[in-house]
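Beneath this line is the structure, given in structure tokens, with notes to follow.
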Amino acid sequence: MLPTRLAVAIGLAGSLAASPLMAATLHVGISGDPASLSPAKITGGVWEEDVLRDIFEGPIAIDAEGRIIPGAAASWEIADDGKTYTFHLRDGLEWSDGEPLTADDFVFAYRHQVDPATASNYAHRLYPIVNAEAINAGDEPLESLGVESLDDGQTLRITLKEPTVYFLKTLVLPFAYPIPQHVIEEVGDQWSDPANIAVNGAFKPTKWVSNTELSTVKNDRFHDADAVTLEGVDYTPLEDKNAGIQRFRAGELDILRDYPAAQYPRLSENMAEATHLFSSLGTYYYVFNLKDDSPVADARVREALSLAIRRDVIAEQLLKGGVEPATTLVPPGTSGYEAQTQPGLDDDIDSRLDRAKSLMEEAGYGPDKPLELTLRFNSGDEHRQIAVAVAAMWKPLGVDVELRNTEANVHYADLMEGDFEVARAAWISSYDDAQNFLQLLSAETNNYGAYQNDAYNDLLTRADGEQDAAQRAELMQQAEALALADYPLTPIYTYSSRNLVDPSIEGWADNALDMHASRWVHLGE
């Protein structure tokens with residue numbers, strides 16, 4: 001049985017446009033517990049960005065359709081040389097505790113991100129800025145960062161070391177959010193606890209019970225507070241998404257993010273108006289640890305493991321067509337880019353398996369001398385099912401797989417520490433640019449397997465500074481083809497955004513980035 005609110009909503013779907021808007025709390029099921037509410041301390045999970053997007057705002061923001069709009073800055077200019085970005089902040093900005101918010105808070109935040117003592121997972125995102133990388137390495141003082149507060153704190157100027165055409169798009173990410181210097185100076189690292197935190201987004205955290213619930217209320221000092229109709233947003237971490245479906249059906253959740261792909265046929269039949277499926281820019285992949293003592297340090301082994309994975313079986317049978325098989329790191333459909341296929345993945349399965357077995361024999365493995373391998377994944381039925389299926393696909397190669405799962409925050413923390421052999425990972429793009437995926441093989445934090453290729457890095461560096469769109473795409477395509485031929489990771493499927501959304505909700509818009517700030521959402525009766 002559908003819950004009363006959902007059943008009524010479905011029955012009145014045709015008249016929703018005329019429904020009065022309710023000031024109520026939105027209940028959202030997310031994929032995990034945030035590691036922190038500090039933008040510098042999160043691990044990079046989509047669920048963390050979902051929360052932080054609601055409580056903070058950078059110079060720019062995104063609308064319900066996922067398009068860039070003015071955020072804390074009312075306007076901006078980019079100099080003709082492509083290196084100087086000038087943001088004019090809105091008049092009268094305040095933190096949620098009533099203190100003025102100025103460009104000084106942005107300067108403080110960006111210095112905090114690149115400070116080596118912070119150990120931020122997002123510091124590399126600031127590397128296009130003058131001296132950011134050197135500061136993060138401990139070679140330059142914080143004050144040398146190319147970020148300035150001008151005009152008594154009304155203007156923020158960011159100076160890049162070279163033109164970087166994708167840089168503006170990245171400013172929707174948490175690294176670009178301001179943080180409250182006045183609170184940090186008073187309570188230190190405890191500043192992001194709900195009891196202390198000051199925010200500049202549409203909602204303010206009030207209570208956080210780890211792995212149970214994170215509660216927020218409307219921030220009346222948000223610059224667009226008059227347009228926010230919700231009283232608050234409550235987030236429930238649900239790594240067991242089948243349990244999340246049951247809670248949605250029971251009316252305990254208004255939105256469930258990322259329902260299991262395999263459930264799409266059943267959900268679309270039984271709850272058609274609530275079930276959303278939309279093509280998105282995201283890749284689900286397995287990453288290989290390339291350290292010298294790793295059992296997958298041998299490129300022949302990595303190639304064999306990649307060739308043996310039957311992506312069509314995973315996408316079409318296991319996940320019931322809710323996703324598309326992936327042969328590229330950069331998802332097809334990324335603007336102005338032709339995604340490059342990992343070598344061999346276009347061949348028929350028999351040819352792939354023959355080569356995979358031959359490669360394993362060359363590397364010294366086979367049924368009589370098995371390769372013992374640990375495959376890690378974060379908790380969730382879908383991740384487990386895929387891992388079990390892949391382990392079975394690797395068995396004929398002479399691979400004995402031990403499966404190991406942990407909760408999402410622990411899983412990704414271990415990946416960043418290099419504590420794995422083969423591991424499940426995923427990247428959902430927060431901006432439509434191939435660079436956001438290619439940096440996964442060069443960044444210091446999200447390059448989990450520690451892939452290092454000077455030629456690859458050089459191509460990306462040249463692409464970052466290239467102003468001609470076609471030339472830039474060509475450089476990135478060369479980089480993707482070069483890296484995938486080394487098999488540092490293997491793509492498994494291309495994401496579709498999968499959300500259950502109560503039909504009474506207004507203001508929700510499916511978009512390729514699967515970004516949904518709660519400020520745009522309204523609850524009807």
Side-chain angles (χ1 to χ4, degrees), residues 34-63 68-74 76 85 87-90 93-97 99-115 118-129 132 142 145 147 149 153 156-158 167-185 189 191-194 196-205 214 216 219 221-225 233 235 430-431 436 445 513 515-519:
S36 174
L37 298 183
S38 166
K41 297 296 184 182
I42 61 173
T43 62
V46 171
W47 60 95
E48 295 173 313
E49 293 186 9
D50 283 347
V51 173
L52 266 65
R53 186 179 302 118
D54 280 347
I55 65 177
F56 290 103
E57 184 179 65
I60 62 174
I62 53 104
D63 66 8
I68 289 175
I69 60 171
W76 60 86
Y85 290 65
F87 295 91
H88 304 283
L89 301 188
R90 298 176 185 272
L93 288 176
E94 291 183 321
W95 289 103
S96 56
D97 61 4
E99 289 294 314
L101 190 158
T102 71
D104 296 312
D105 292 298
F106 284 93
V107 173
F108 179 81
Y110 299 172
R111 289 177 179 175
H112 181 70
Q113 287 278 2
V114 298
D115 187 340
T118 302
S120 169
N121 296 320
Y122 273 92
H124 68 279
R125 290 293 192 182
L126 288 155
Y127 283 3
I129 299 176
L142 289 176
L145 185 66
V147 182
S149 173
L156 174 68
R157 178 175 293 166
I158 302 175
F167 182 73
L168 181 69
K169 299 177 185 178
T170 70
L171 297 181
V172 300
L173 295 173
F175 80 82
Y177 299 157
I179 57 177
Q181 181 176 0
H182 65 286
V183 179
I184 294 172
E185 289 175 345
D189 287 344
W191 77 268
S192 58
D193 291 353
N196 303 321
I197 197 168
V199 298
N200 74 320
F203 301 93
K204 181 184 184 300
L214 172 62
T216 72
N219 174 18
R221 291 189 168 93
F222 178 57
H223 65 79
D224 196 27
V233 184
Y235 310 90
S430 298
Y431 55 96
N436 199 18
T445 53
L513 295 176
M515 296 171 69
H516 307 278
S518 300
R519 63 183 281 199

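Side-chain atoms are counted along with the backbone in the values below, which use heavy atoms only and exclude waters and symmetry mates.
For the pair Y110 and L126, the minimum side-chain heavy-atom distance is below 4.5 Å. Contact check for L214 versus V51: side-chain heavy atoms found under the 4.5 Å cut-off. Between I60 and V172 there is a side-chain heavy-atom pair separated by less than 4.5 Å. Contact of the I179 side chain with the S38 side chain is not registered, since no non-hydrogen atoms from C-beta on lie closer than 4.5 Å. Between R125 and S120, every side-chain heavy-atom pair lies at or beyond the 4.5 Å cut-off. Looking at heavy atoms from C-beta onward, D105 lies in side-chain contact with W95 at the 4.5 angstrom threshold.
Qualifying salt bridge (Lys or Arg N to Asp or Glu O under 4.0 Å) partners for D104, counting only residues two or more places apart in sequence or in other chains: none. A search for side chain to side chain donor-acceptor pair (under 3.5 Å) contacts involving Y85 returns nothing, not counting sequence neighbours. With sequence neighbours excluded, the residues satisfying side chain to side chain donor-acceptor pair (under 3.5 Å) with H88 are E77. Listed by chain and residue number, L160, T164, Y166, F167 satisfy the side chain to side chain contact (heavy atoms under 4.5 Å, CB included) test with P128 (two or more places apart in sequence, or in another chain). Residues meeting the side chain to side chain contact (heavy atoms under 4.5 Å, CB included) test with E49, sequence neighbours left out: R53, Y122, L173, P174, S430. Not counting sequence neighbours, the partners of R221 by the salt bridge (Lys or Arg N to Asp or Glu O under 4.0 Å) test are E94. Residues satisfying the side chain to side chain donor-acceptor pair (under 3.5 Å) test with T43, not counting sequence neighbours, are E48. In this structure, the salt bridge (Lys or Arg N to Asp or Glu O under 4.0 Å) partners of K169, at least two apart in sequence or on a different chain, are D433. For F56, the ring-ring contact (aromatic ring centres under 6.0 Å, His included) partners are Y177, not counting sequence neighbours. Residues forming a side chain to side chain donor-acceptor pair (under 3.5 Å) with S518 (at least two apart in sequence, or on another chain): D54. For I69, the side chain to side chain contact (heavy atoms under 4.5 Å, CB included) partners two or more places apart in sequence, or in a different chain, are A61, D63, W520. Listed by chain and number, the residues in a side chain to side chain contact (heavy atoms under 4.5 Å, CB included) with D115 are A117, T118, L142 (sequence neighbours excluded).
The distance from the NZ atom of K204 to the CZ atom of F222 is 15.5 Å, given to the nearest 0.5 Å. Between R90 atom CZ and D224 atom CG the span is 7.0 Å, to the nearest 0.5 Å. Atom CD1 in I158 sits 5.0 Å away from atom CZ in F87 (nearest 0.5 Å). With rounding to the nearest 0.5 Å, the separation of CG in L171 from CD1 in I68 is 8.0 Å. With values rounded to the nearest 0.5 angstrom, W191 atom CH2 is found 8.0 Å from L37 atom CG.
Across W76 and P70, no two heavy atoms sit closer than the pair CZ3-CA, 3.7 Å. Nearest heavy atoms, R111 versus L145: N-CD2, 3.8 Å. Taking each heavy atom of A198 and V183 in turn, the nearest pair found is CB-CG2, 3.9 Å. When all heavy atoms are compared, the tightest approach of H182 to D97 is NE2-OD2, 2.7 Å. Taking each heavy atom of P205 and I197 in turn, the nearest pair found is CD-CG2, 4.1 Å.
Using a distance-only test at 3.5 Å, with no hydrogens or angles considered, a donor-acceptor pair links the side chain of N121 to the main chain of I42. Proximity of a side-chain donor or acceptor of T216 to a complementary backbone N or O of V233 within less than 3.5 Å is detected.
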* To do: Could you check L89 against F106 for side chain to side chain contact (heavy atoms under 4.5 Å, CB included), going step by step and ending with a plain yes or no?
  => CA-CA 11 Å; L89 301 188; F106 284 93; 4.2 Å; yes
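Between H112 and F108, the angle of the ring planes stays under 30°, which puts this pair in the parallel group of the 30/60° scheme.
Test P180, S96, P178 against L101 for side-chain contact (heavy atoms from CB on, under 4.5 Å) and you get one pass: P178.
A salt bridge links R519 to E57: at least one charged side-chain nitrogen sits closer than 4.0 Å to a carboxylate oxygen.
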